[in-house]
Every structure is written in structure tokens, then in C-alpha cells.
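Values reported hereafter were calculated over all heavy atoms of this structure, with side chains retained and with hydrogens, waters and symmetry mates removed.
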2 protein chains.
Amino acid sequence: MPAKVSDSTIRRLSHYLRILEAMARDGGGTVSSVQLAAAAGTTAAQVRKDLSLFGSFGKRGHGYQVAELADRVREILGLGRDWRVALVGAGRIGSALFEYADFRRRGFHIVAVLDVDPAKIGERWGTLAVEDVASLEAALEREGVEVLIVTVPATEAQAIVDRAVASGVRGILNFAPTQLRTEDGVFVHDVNMVMELEALSFDLTNRIPADVGDTAD
Amino acid sequence: MPAKVSDSTIRRLSHYLRILEAMARDGGGTVSSVQLAAAAGTTAAQVRKDLSLFGSFGKRGHGYQVAELADRVREILGLGRDWRVALVGAGRIGSALFEYADFRRRGFHIVAVLDVDPAKIGERWGTLAVEDVASLEAALEREGVEVLIVTVPATEAQAIVDRAVASGVRGILNFAPTQLRTEDGVFVHDVNMVMELEALSFDLTNRIPADVGDTAD
DNA sequence: AGACGCTTGTGAAATAGTTCACAATGCTAG
DNA sequence: CTAGCATTGTGAACTATTTCACAAGCGTCT
């Protein structure tokens, strides 16, 4: 593994992978960096640079073998295995994620669902029963959970994450709109829909192509 | 408006805003860039640089007035108004977003919900009825929609977006895992949960602090 | 009123990320 | 077996973003 891989490179690899899988379904044999870049909305040089960080996967003059490159990217991203995931927060968003087929398809298996709400505890979700978040540690250890999906209110997220980390969780997908603090070696990725809407609001307000001047301020 | 504002700056402003609002609730009078940076997980210089792009909001020696800075940031982000939003895709995720209080709180009002599924069309969602996506244009024009939230399958997203853009939509929050193509002046922001999980998978696999060597490849 | 302490606002330096441009092939055809 | 074509892999140039470091204030205290 190269010492320095930027976050944007990883995100692009994930994007390439989705495209490569679609191409593989369409029976595609080879892709050039130019084609892959066009599909991903980036440049050919960027594609080649991204891939070359991890090895030499193409053939000069011919491009990349679609199926093989997909395998390599999957391997780089660590998707060659299954991940055991616990979902904390059995609300609307949690429920939507639980049903989200793309997670399972990528090897992320939700093996426990927890909530504080007594009305929810005991509900059957697929083959699982919603458990009391009081027994978080027990559930995480029982199921060998490594990744936590957090969809609880912002005020409760930190406490839950602290407990989960103490129980061995090392990766967190955080939907709570709060800045989580964790020790080194624990990775947190945020999904913040409000932030994206606000960025959209900024664009619509300030990045209008022509006319609006820069008279403000 | 300054000519060049990076996307990361905007995302941080959104983050600052959330922190400032929490501080305002706690009655906080002033913040220094150091305090704000600590809360946001960035540096004081970064905070000052971000803010200074838009004006001079602090007082030397004393920091920023919490309530006032929050107002300014809200204004920068274009949040001083309400946005009329349509939701296309009345599935699990759509339903979760519809109930998501933080959207409304920020002035994003869902004024129409559409789907293709005949079983869903006509369902009551709050004060709205789910409409047939066939009448997308009519709904968008009737409600004066400017922002679209897309939670349909990847295969259908592009067609819907094309129609919406033709009907005057200029901002799109895209949950479909696909690269949307739009004309200039239309802003697309993606929320890609699978990508975040894959980035997490990469981190867990490759960024383990010590021990794992770089023997691969 | 003047000096002091604290914190902003901001050029300049440093670091990170992207694009360019081309030599190094691998493949195919003759 | 050699020439020609296409496309990779990659140092070097460029651009963007972050961090540094410090002069410019603002308010307070004596």
C-alpha cells in the first residue's frame, strides 16, 4: 500500500468500481482510461494516476480488462470479504438502511439492530429482533461486529460510539449531524444530508452563471 | 461573493453553522476561531480563512458574536429563505427523508412526492398525496419547485432529472448511485452511502496504524 | 490617555492534488 | 522479425488548499 492515498482517490475508486461492474454486466472486455474517465466524469490522467498508486493493471496500447480491473479495485477497497455491521437507531433512516440492498450486495451485513425506544425493542426486522441499546456491548461482542452505523440523535451519538469503540468497533458510518471524537485507529465517515442541501443552497444562491453581480459585502 | 470558493469551505461553513446554533442555544455570547475550530475538528487559521472569504465578522481581541456569526453564515449559505423541494421516489429512503425534521428546520419544504409505483400513488404522506411521476412536470410547475431530491433506482434517475431540469429545477440532491449529466447552471450534489462504506472498508483494510506491512502487490 | 493582552484578517510559505506531456511498452499486421 | 499504432505509467509543471506567522486592531485596565 502506498503511504499517501488521498480521500478523493478512494472515492473515485469506488465510483470506478460501480462503472466497471456495470460494464462487466454489459459484457465489456476492455476499457481505456479515456472511456472510464468519461463515464466517471473525470480525466484520463486522473484515472491512470489513481490506479497506478496501487499497481500496474493495464496493458499499454490496449487499456484495462474490465473484469480483472474490477477485481483489483474491489481488492484495493477491501471488499473481498464480508463485514459484520450493527445498526444503532431503529428509526426511519435506520429502517431504510436496513432494507438497502446495495449494502448487502457489497458485503456489509447488518447482524444487529439496537434502539432505546421500548416500543421498538423486540420488533422483528427480517430475521433480527431489535435489541435494547443497553445491551450494546453484549450484542457487538456476540456478533463480532466491526462496523457501526449510527442513526441516533446527535445528542446520543458520542456516548454510543464511545461504548462501541470500547467493544472493539473500528469503523463508523455516522448519520448523526455531530462531530464524533474517537481514538486513533477508529475510522469515522459521515453522511450528512443537511450539509449537502446547504451546499446546494449556496450554489443556487451564489453561483448563478451570469447576471448576479458581486456587489454584496 | 468572492470568485473562488472551494467546496470544502462551503462544507465547513455548514458545519460551523451547526456548531454555532448549538452554542447559541447554550446562550454563548462569543467564540474565538480557536474554540470554533476545536468544535469543528479543524484549525483556527482555517476557520478565519473560511470566514474572511466573505467578510470581516469578528472583533480583534474578542472573537465572533455567536448569534451574529450564525446569521451571517446562514446568509452566505443562502438559507435566509425557504426552498420548495420535490421528492421523487417514495420508497424507504424517500420516506425517511420526508420525515426528516432537519430539512424542514433549514427551510427545505417538501411540497410534492412522486413515484411510478401504482400501489404508492395516492398514498397520503402528511398533507400530501403521492403523485404519479408521469405528471412530474405538472407538479413541479404547479408548486414552483426549485430543488429535487432523487431517490429512484439508478437506471431511472437520469430520465427524471432531464425532465425536471426542463421544468426549471436547478438543484438536485441525488441519492441514486449514478453519475448524473446536466447542463450548466444546474447543481447536483450526491449522497452516496455505499461510497462512504467502501471508503470505510478501505481505511479498515489499509490504514491500520502499525503492524500490517506493505507486502501486497 | 496610553500601554497591554488577546484575537482577527491576511500575505507568504508549505503541502496536497490535478493535469500535462511523453517515453515505455504490448499488440497486430505484414 | 520489424514497423506502426494505441494507450499506459509517471516525472514534472501547474493549480488549489492548508498552514504559518505576524501586523493591525479592539477593548480593558490603570
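- Checked against salt bridge (Lys or Arg N to Asp or Glu O under 4.0 Å), Asp71(B) has the following partners two or more places apart in sequence or in another chain: Arg74(B).
- Panel note: side chain Thr151(B), backbone Val88(B); a donor-acceptor pair is recorded below 3.5 Å.
- In this structure, CG of Leu51(B) is placed 14 Å from P of dT18(D), rounded to the nearest angstrom.
- Inter-residue side-chain proximity for Leu79(A) and Thr205(B) is flagged as unmet; no heavy-atom pair is nearer than 4.5 Å.
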Going 5' to 3' along nucleotides 25-30 of chain C, which nucleotides have protein heavy atoms under 4.0 Å from the base (write B), which only from the sugar-phosphate (write S), and which from neither (write -)?
BBS---
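- Ser201(A) contributes a side-chain N or O that, together with a main-chain N or O of Gly78(B), makes up a donor-acceptor pair within less than 3.5 Å.
- Side-chain atoms of Asn192(A) and Glu196(A) include no donor-acceptor pair closer than 3.5 Å.
- For the segment residues 39-49 of chain B, residues with any heavy atom less than 4.0 angstrom from an atom of DNA chain C are, sorted by number, Arg48(B), Lys49(B).
- Atom-to-atom, CZ of Arg11(A) to P of dT18(C) comes out at 11 Å; the value is rounded to the nearest Å.
- Electrostatic pairing of Asp102(A) and Arg106(A) does not count as a salt bridge here, judged by no charged N lying under 4.0 Å from a carboxylate O.
- With rounding to whole Å, Lys4(A) atom NZ is found 21 Å from dT10(D) atom C1'.
- His189(B) and Asp203(A) share a side-chain donor-acceptor pair at under 3.5 Å.
- A sub-4.0 Å separation between OP1 or OP2 of dT7(C) and a side-chain N or O of Ser33(B) is absent.
- Using a 4.0 Å heavy-atom distance criterion, Thr9(B) is classed as making no nucleic acid contact.
- Of the charged side-chain nitrogens involved, at least one lies within less than 4.0 Å of a carboxylate oxygen, so that Arg81(B) and Glu146(B) count as a salt-bridged pair.
- Atom CD of Gln65(B) is separated from atom C1' of dT7(C) by 14 Å (rounded to the nearest Å).
- By the 30° and 60° cut-offs, the orientation of the rings of Phe54(B) relative to Phe202(A) is perpendicular.
- In this structure, the CG atom of Leu53(A) is 12 Å from the C1' atom of dT18(C), given to the nearest Å.
- Between Tyr64(B) and dG9(C) there is a side-chain N or O to OP1 or OP2 distance below 4.0 Å.
- Spacing between atom CZ of Phe57(B) and atom C1' of dT7(C) amounts to 17 Å, rounded to whole angstrom units.
- Atom P of nucleotide dT10(C) and atom CG of Asp50(B) are separated by 13 Å, given to the nearest angstrom.
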